[in-house]
Amino acid sequence: MNLNSQTVISLGAGEFDALEFKLANRTACVGIVGLGYVGLPLALLFTDAGFRVTGFEIDPQKVEKLSRGESYIYRIPSTEIQLARMKQFSATVDYSVISSMDAVIICVPTPLNEQREPDLSFVINTAEAITPHLRPGQLIVLESTTYPGTTEEVLVPIVEKNPGGLRAHRNGNGAERDSLYVAFSPEREDPGNNTIARRDIPKVVGGLSKRASQLAATLYQAIFRRIVPVSTPAVAEMTKLLENIYRCVNIALVNELKLLCIRMGIDIWEVIDAASTKPFGFQPFFPGPGLGGHCIPVDPFYLSWKAKQWDFQTRFIELAGEINVSMPYHVVSAISEALNLAHKPLYGSRILILGVSYKKDVDDLRESPALTIIELLKRKGAIVSYNDPYFPMLLKGRHYNLQMECVPLDNIGDYDCVAIITDHSDYDYPTIVRDAQLVVDTRNATRGINSSKIVRC
Ligand SMILES: NC(=O)c1ccc[n+]([C@@H]2O[C@H](COP(=O)([O-])OP(=O)(O)OC[C@H]3O[C@@H](n4cnc5c(N)ncnc54)[C@H](O)[C@@H]3O)[C@@H](O)[C@H]2O)c1
């Protein structure tokens, strides 16, 4: 039996069963809104699992590339896009196609604005764009990271303004006729981490009603081994924030202890290695040049903003933010001091930045501390160059307009200082140390190399 949308509408109270049936037997049409680092891989996973998948994207260039079978994300080869297109994957800028979707998953950005407050404009714009095309018995899942309450307080009121008068299904709502099913399910991907397959990362799901949770669980069961249902969307939203705040606070702790260890002449990396041998109660976090990426520097502030509405100060988040934000300044001081010991001023020194992405082996520059470090060094009069295999150019970004071109690594000895900011696996660190005049290492990338040229900071 293959139920189409007409059948679903005429079934009325059977909308739920019909949708669940289609999700379970993978005949459902799945729409993914926002084909970025989260949405595109998700679309490919659902395509691989046999669903007919349509990607909705406001950037027409991305849609055109996908239509030509080209990828725009480094770790997704174009062959994967071509394969997906031969299955049932397509991309569009046309929101009217939403009406033929059975499930719609929203993966749009949730950044901070200039005042470091949540910018939900992408979520709101998406909700407003899909609303005119909604029909009964559709499942809508928000995956974008956000503060607890967003699904219920922001998304649901907008989608309930649909022209057909459809209501989001809530617990206690007997009638399922003319219902939409709404859930929140956080994305937990760790880009560049190849030690765990995406399907092995348990998927947390919190529906507005038990039925919404059940439908979302059925959908995700096709691509994830374990589903973790929680009682409400707010619990699922808070779960994601707890995970990221936990990382943010622990990274801040280890960054602060690194500063103390440097002063005391103790190698923090050796300390972390030793502490990591404890078989319980300790999880290692590593210091670095500052936080980067779309999540850890941003998400905690979604909660601190929301907490203020409850007259509550999230002090751990604020303190962690303060420490982590100061790390690029620490790196610049360390470079300056290292040059000073070599009888050179920072002003006029030639500095090569190695690695600009926010973490190793990824093509993602968002909130990267390398950009702040370059900007600070330039302001102090240093002559800065960079190398990163993932970025041939640094153009205008959200915060800086650096306008730089990646330089080759064939004249390392010409620089007064080489600063390792992102420890990409492709770099040959022994050769870099051998050829450089001075190396400032923010990631312990030169672990095991003994040289008086290295300053670990
Ligand atoms: N990147 C990660 O590793 C990661 C991990 C966990 C959670 N998240 C969360 O997932 C969400 C998405 O992150 P991302 O990294 O994929 O962002 P991204 O910027 O890579 O992708 C978002 C995409 O959405 C598109 N878009 C924006 N508004 C749209 C609209 N109205 N309609 C259609 N498309 C629209 C953008 O053009 C872009 O292609 C964020 O909330 C982020 O915090 C990201």
Side-chain angles (χ1 to χ4, degrees), residues 31-45 54-66 71-76 91-98 101 104-113 118-133 140-148 150-151 154-155 158-159 184-194 196 198 201-204 236-237 239-248 291-303 357-368 397-398:
I32 311 279
V33 185
L35 296 175
Y37 289 97
V38 167
L40 184 57
L42 192 66
L44 298 178
L45 280 179
T54 307
F56 297 82
E57 180 42 73
I58 43 164
D59 182 347
Q61 284 182 356
K62 286 186 178 167
V63 173
E64 279 162 29
K65 278 198 166 182
L66 294 171
S71 173
Y72 44 82
I73 294 181
Y74 186 85
R75 66 198 147 90
I76 300 178
T92 180
V93 290
D94 178 7
Y95 269 106
S96 69
V97 184
I98 287 285
M101 296 298 112
V104 177
I105 304 177
I106 302 170
C107 308
V108 296
T110 42
L112 296 172
N113 64 20
D119 173 5
L120 281 184
S121 59
F122 297 95
V123 173
I124 292 169
N125 291 344
T126 299
E128 288 173 346
I130 65 172
T131 294
H133 310 291
I140 302 167
V141 185
L142 180 62
E143 283 215 10
S144 305
T145 309
T146 184
Y147 58 76
T150 307
T151 304
V154 179
L155 179 66
I158 298 174
V159 298
F184 181 84
S185 179
E187 170 54 50
R188 284 171 145 177
E189 201 202 5
D190 183 15
N193 179 349
N194 297 323
I196 182 155
R198 191 129 179 227
I201 303 172
K203 190 77 171 136
V204 173
E237 288 159 340
T239 302
K240 172 71 185 175
L241 291 185
L242 169 63
E243 292 165 8
N244 283 358
I245 291 163
Y246 173 77
R247 271 191 75 68
C248 178
L291 290 184
H294 187 297
C295 300
I296 311 295
V298 172
D299 303 346
F301 296 101
Y302 266 68
L303 189 64
S357 59
Y358 82 87
K359 71 176 197 178
K360 71 190 279 185
D361 304 338
V362 300
D363 61 334
D364 194 341
L365 262 187
R366 289 176 293 180
E367 311 293 327
S368 174
R398 262 170 73 80

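Counting convention: from 1, in listed order, for ligands and their atoms alike. One is the number of the first residue; the rest follow in order along the sequence.
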Which atoms from ligand 1 have a heavy atom of [X] less than 4.0 Å away?
X    : result
K240 : 6 (C), 7 (C)
C295 : 4 (C), 5 (C), 6 (C), 7 (C), 8 (N), 44 (C)
V33  : 32 (N), 33 (C)
K62  : 38 (C), 39 (O)
P109 : 19 (O), 22 (C), 24 (O), 27 (C)
F122 : 27 (C), 28 (N)

**Q.** Heavy-atom closest pair, residues T146 and L241
**A.**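 Scanning both residues, the minimum pair turns out to be O-CD1, 3.5 Å.
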
Atom [atom1] of [X] and atom [atom2] of [Y]: how far apart are they, to the nearest 0.5 Å?
X    : Y    : atom1 : atom2 : result
R188 : K203 : CZ    : NZ    : 8.5 Å
E187 : I201 : CD    : CD1   : 7.5 Å
T145 : H294 : OG1   : NE2   : 7.5 Å

Given side chains that start at C-beta, do those of [X] and [Y] come closer than 4.5 Å, heavy atoms only?
X    : Y    : answer
I32  : F56  : no
L112 : Y302 : yes
R75  : Y37  : yes

Q. Is there a donor-acceptor contact under 3.5 Å linking the side chains of S121 and D119?
A.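 S121 vs D119: donor-acceptor pair found between side chains.
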
Would you mind checking which non-hydrogen protein atom is closest to [atom], with the distance to 0.1 Å?
atom                    : result
atom 31 (N) of ligand 1 : T126 OG1, 3.1 Å
atom 24 (O) of ligand 1 : G34 CA, 3.2 Å
atom 21 (O) of ligand 1 : G36 CA, 3.1 Å
atom 3 (O) of ligand 1  : P191 CG, 3.2 Å
atom 41 (O) of ligand 1 : T110 OG1, 2.6 Å

Q.
Tell me whether Y95 has any N or O atom under 3.5 angstrom from an N or O of ligand 1.
A.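 Yes, at least one N or O pair falls under 3.5 Å.
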
Q) Under 3.5 Å between some N or O of ligand 1 and some N or O of T145? A)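 Right, the criterion is met.
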
Report the part of [X] (side chain from C-beta onward, or backbone N, CA, C, O) that has a heavy atom under 4.0 Å from ligand 1; answer both or neither where that applies.
X    : value
Y302 : neither
H294 : side chain
A129 : neither
R366 : side chain

Q: Could you give me the CA-CA distance, side-chain angles and deciding distance for K359 and D364, then say whether side chain to side chain contact (heavy atoms under 4.5 Å, CB included) is met?
A: CA-CA 8 Å; K359 71 176 197 178; D364 194 341; over 6 Å; no

Proximity winner for [atom], if only heavy atoms of [options] are counted:
atom                    : options              : value
atom 23 (C) of ligand 1 : E243, E189, E57      : E57
atom 40 (C) of ligand 1 : V108, N244, V38, V93 : V108
atom 29 (C) of ligand 1 : I58, I106, L120, L42 : I58

Q.
With a cutoff of 4.0 Å, is C107 in contact with ligand 1, counting heavy atoms of the residue only?
A.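 C107: in contact with ligand 1 (<4.0 Å).
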
Q) At the 4.0 Å heavy-atom cut-off, does R188 count as touching ligand 1? A)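 No.
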
For [Y], does its backbone N or O pair with a side-chain atom of [X] as donor and acceptor, under 3.5 Å?
X    : Y    : value
K240 : Y147 : no
E57  : L35  : yes
T110 : S144 : no

Q) For L66 and L40, what are the C-alpha separation, side-chain angles and deciding distance, and is it a side chain to side chain contact (heavy atoms under 4.5 Å, CB included)? A) CA-CA 10 Å; L66 294 171; L40 184 57; 4.0 Å; yes

